[in-house]
Structure formats: structure tokens, C-alpha cells
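Before any comments, here is the structure.
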Amino acid sequence: MKTNKITAKDLMSAGYKEGKILGKALSVAEQLLKDMDGDTVISMLTAVLDDVYDGELSELRDMVLEDRKVADIIVLKEQPDKFAIYGEDNIDAGAKAQMAIAMALPVSRAGALMPDAHQGYGLPIGGVLATHNAVIPYGVGVDIGCRMALSIFDIPAIHFDENHDKYKRELIAHTRFGAGHGFLKKERAQHAVLDNDAFNMTQFISQLKDKAYSQLGTSGGGNHFVEWGIIEFSERDEVLNIDKGSYVALLTHSGSRGMGAQIAGHYTRLAKEICKLPQHAVNLAYLDMHSEAGQEYWLAMNLAGDYASACHDIIHQKLAKAMGGTLLAKVENHHNFAWKEKWGGEEVIVHRKGATPAGKGVMGIIPGSMTAPGFLVRGKGLENAINSASHGAGRLMSRTKAISNITKQEMSAILKENKVTLIGAGLDEAPMAYKDINVVMDAQQELVDIVAKFQPRIVRMADDGSKED
DNA sequence: ATGTAC
């Protein structure tokens, strides 16, 4: 097949990094495309990069070799350290392979895969990695501080059914979804996080503040949601001081919006410049915790986490006020973050990318899907799992596969069957696109105890194609 | 995940 266009993106997925060499490779590609097809050109250029090309293209080859010499590439462990896997039967090979690469980093101390793990960028989603004195921006992920927040109200379940329309109306009125979207100036919320000193740390960070202000209290896109549901305690919980029974609850899932994404991008770029890793591990570039860049990232990451928390606060405050009722308990936990923790008697940096903290007694929320139940859990503090659990059911189908395999009729049928009212969302978020949450919970019985079960009833997500108000 | 890329 004759392809007459090769883009920077094509070359980057072939392993070329942004910069001079990419520019050179692009112009070489343009020349070669006059005589051969795209696939051949890509494979030639990939061979140059892997140092197995023995033909012409000497200029490009010299540049690659020179770059490698200057780069002084970090040597990985010959044999990656072992890591724990929970629910292995339902975890794809790609996620395991990515975890093995992470375990070969010289800074890695321990790793674990949660039962909802699947392939990601750098570290897999559902991957937990403990390192010594190093933080990996892509070990945290793009949506820094992404989290779940659950408010349990002293409102009986019957009130929900009797006022269904009002719950729906207020949910729509007080939430904003869609990539890039924020609030209009006069609608903007206020929050103490905007006064956080970390915003003045560097010029890069301070320039993120305006958009952060406009997006405060918004939810974004992808798998993010705001939902009303009924939480059921099959027995009294002493710690939360909640009696056996069913209560109205609000569950939200979202992160640090554009701000966190920009911080992730900025420090990943910086890490890749400072920390040269072999080609297959470049996305695991790390920053020394004692370096200026490492400390900056740490503060910026924490700021993004506080910001994500503020976004949930605002949503919960608005909806609590709209519906009335007393708050019985609030539980919140983040799953794209790094923490300083003790592991094996040593202080380590624990990266949880799509994994829930589950130290002994630590509460967390593990949602299923828009129709499947979610679970309020209490961690058991299992060291082998690095005090972690899954952050959800995990995807069964990729977004593209879900869109082509699931019909609208199937989606409405399952919503109806589960009495769920849905606002927004495309087929890529259909319940069938996710693993069975009960299987996932079974695979992590050693990691968490179930405290209560949450059934979604009115769910809002970003519209198809993220075109929302 | 994100309003966008050397």
C-alpha cells in the first residue's frame, strides 16, 4: 500500500523522541516516500533507532548514535524484581510486561498489580510501584490526584424515589462535564486552594491558575462521573457511626483537569531530559527526590491533588445544599498519586496509578460501573500488595472496541434493568465494557474488607465526543 | 486523562 504521509506522531510511536533528530527523521522520511511505501520507511527508520540498520541514512544514524553517547543511558536490572499480582486470570499480558519493565528500574523496590490492571502509558493502570528516592511522573499518571468522593446523607432511600426528578435536575444544574470546559466568570466557585502558596512556586505553575479557577468544581470527561445512589449498610459500622440501613449518597469521580494534565506533561518532559532510559522504558523517566526538579514536581503534584479534592468539595457542597439533609460521613481517596510511605522497613515513594490506598483501616471507594454496584471498603494493610487495592472494575474492552461491539439498545436495556437514569456518556462507558466488579472484589479479599454497597441510580458523565456545556 | 502536537 502506498502511503504518502508520515507524521511526527508516527515517528514518535516508532520510538523517536521530540527534538532535532525527529525533525531530521521527518525530512528523511519525506525523501524516502518518493520511492517506497510508508510501512517500509517506518521500518527503516525504526531500524536506525535500534542500531540494526546497515544501509545508508548515515547522517541520521550518526545523530542517533551521538545522542546515545551524550545521553549516558541508565542501565536497567538484568533480571526484573518479582511483583505481586492479584486476579491474574483477568489481567492482560501488556500490563504484566509494563510492570516487569518498571521492576527493572534501578530505583524500584517493590511492585504489585491490582485485579483491575490494564495496559497504560509507562506504568500500567492498576499498577503500584515503590521506589527509593525517586518519583516517576508517568507512574502517577496524567490526571494527577484523580479521586473518588462519597457523601452519605441522613436521607432514607424512599426520599430518593419520591423526589427523583429533583435529584436529577439539581445534578444537571450543579455539574459541568467535557474536556476543556469550565464555568463562566459569574458562575465560578471560590475555594481556599486558590490561595495555596504553591501556585507561586514557579512561573510555569502560576500560569496554570486562571484556568484552574475556571475549572474549579468541574468533572471533565472520560470515565469521570457524578452520581446519586443508595448506599446499603448490612450492619452498623462503629467507626463511621452509621446504623444498618439504606441512605442516599453522592459519589463523584474526577481529577485535576487541565492543570494536572499540564503539570504531568511538563515534568514528564523534564524527567525524560534528565533521566535517560533505554527506549522501551523511556516513559518511566524519574526525578531524584532530592533534586530541584524532583522537589518541584512533588509540590506541584500535591497542589494538583489539593485542587482535585477542591473540585469534589464544591460539587458535594452544591448538591448537599440543593437537596438538604445532614452529612453522616464523607469518604475520599485518590488513585493517581505518589506517597512517602514505609515498605519493608524503608522509606519509599509509593506510586499508585489507578490503585486505591488500602493501608490498615484506611477507607476507600471502589466503583463498579454505571449500573454495577460500588463498594465502600476498609483496607487490610497487606504489605505484599503495597497497602493497595483496585480503583474500580477495570476495562474489559477498549473504548473503540466497546463502541463497535455494543449497541444503544443493549445499553438502554441494561440501564432500565438496573433502574439507572443516565445523563450523557457514550457506548465506551457502557457497563459491558467493564469487568465484573464482583470478580474483581473476590480477587482482592485479602486486600480490603467491604463495609457497604453503593447502587448508582442517577449517573451523569460527559456526552459522547465530550461536547458538553 | 487532556481542548491539540516538532
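By convention in this document, chain letters (A, B, ...) are assigned in the order of the sequence lines, proteins followed by strands, and residues within each chain are numbered from 1.
- Checked against ring pair (Phe, Tyr, Trp, His ring centres under 6.0 Å), A:H351 has no partners two or more places apart in sequence or in another chain.
- When the ring pair (Phe, Tyr, Trp, His ring centres under 6.0 Å) test is applied to A:Y167, the partners found at least two apart in sequence or on another chain are A:H159, A:F160, A:W228.
- Comparing A:R269 and A:G220, the nucleotide of DNA chain B nearest to each residue sits closer to the 5' end for A:G220.
- DNA chain B is contacted by no residue of residues 303-318 of chain A, taking any non-hydrogen atom closer than 4.0 Å.
- Using a 4.0 Å cut-off, no side-chain N or O of A:N336 falls inside it from OP1 or OP2 of B:dA1.
- By the neighbour-count criterion of 12 heavy atoms within 6.0 Å, atom CG of A:N405 is densely surrounded, having more than that number from other residues, nucleotides or ligands.
- The distance from atom CZ of A:F225 to atom P of B:dA1 is 11 Å, rounded to the nearest whole Å.
- Environment of OH in A:Y121: sparse, with no more than 12 heavy atoms of neighbouring residues, nucleotides or ligands closer than 6.0 Å.
- The NE2-C1' distance, from A:H181 to B:dG3, rounds to 8 Å in whole Å.
- Here A:Y434 pairs with nothing under the ring pair (Phe, Tyr, Trp, His ring centres under 6.0 Å) rule; sequence neighbours left out.
- Annotation: A:Q207, atom CD; neighbour count of heavy atoms from other residues, nucleotides and ligands within 6.0 Å is above 12.
- Per the geometry, CE belonging to A:M461 stands 11 Å off P belonging to B:dT2, to the nearest Å.
- Distance CE (A:M259) to P (B:dA1): 19 Å, rounded to an integer number of Å.
- Minimum atom distance to the side chain of A:A8 is reached by B:dC6, of the listed B:dG3, B:dA1, B:dC6.
- For A:F337, the ring pair (Phe, Tyr, Trp, His ring centres under 6.0 Å) partners at least two apart in sequence or on another chain are A:H334, A:W339.
- Dashed line: the shortest gap from a side-chain N or O of A:R257 to OP1 or OP2 of B:dT2 is under 4.0 Å.
- Distances shorter than 4.0 Å separate some side-chain N or O of A:R399 from OP1 or OP2 on B:dA1.
- Considering only side-chain atoms of A:K211, the nucleotide from B:dT2, B:dC6, B:dG3 that sits closest is B:dG3.
- We find that CG of A:L11 is positioned 17 Å from P of B:dA5, with the value rounded to whole Å.
- Atom CD1 in A:I6 sits about 17 Å away from atom C1' in B:dA5, given to the nearest Å.
- Residue contacts for A:G258: at a heavy-atom cut-off of 4.0 Å it reaches the sugar-phosphate backbone alone, with no base atom in range.
- Rounded to an integer number of Å, the gap from A:I144 CD1 to B:dT2 P is 12 Å.
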N/O donor-acceptor pairs under 3.5 Å from side chains in residues 257-271 of chain A, not counting sequence neighbours:
residue: A:R257; atom: NE; partner: A:T218; partner atom: OG1; Å: 2.8
residue: A:R257; atom: NH2; partner: A:G178; partner atom: O; Å: 3.3
residue: A:R257; atom: NH2; partner: A:H181; partner atom: O; Å: 2.8
residue: A:Y267; atom: OH; partner: A:E296; partner atom: OE1; Å: 2.7
residue: A:T268; atom: OG1; partner: A:A264; partner atom: O; Å: 2.8

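- Considering only the side chain of A:Q215, B:dG3 comes nearest among B:dG3, B:dC6, B:dA1.
- In this structure, of B:dA1, B:dG3, B:dC6, it is B:dC6 that holds the atom nearest to the side chain of A:L26.
- When each of A:G180 and A:M12 is assigned the nucleotide of DNA chain B with its nearest heavy atom, A:G180 is the one assigned upstream, toward the 5' end.
- Here the C1' atom of nucleotide B:dC6 and the NZ atom of A:K272 are 14 Å apart, to the nearest Å.
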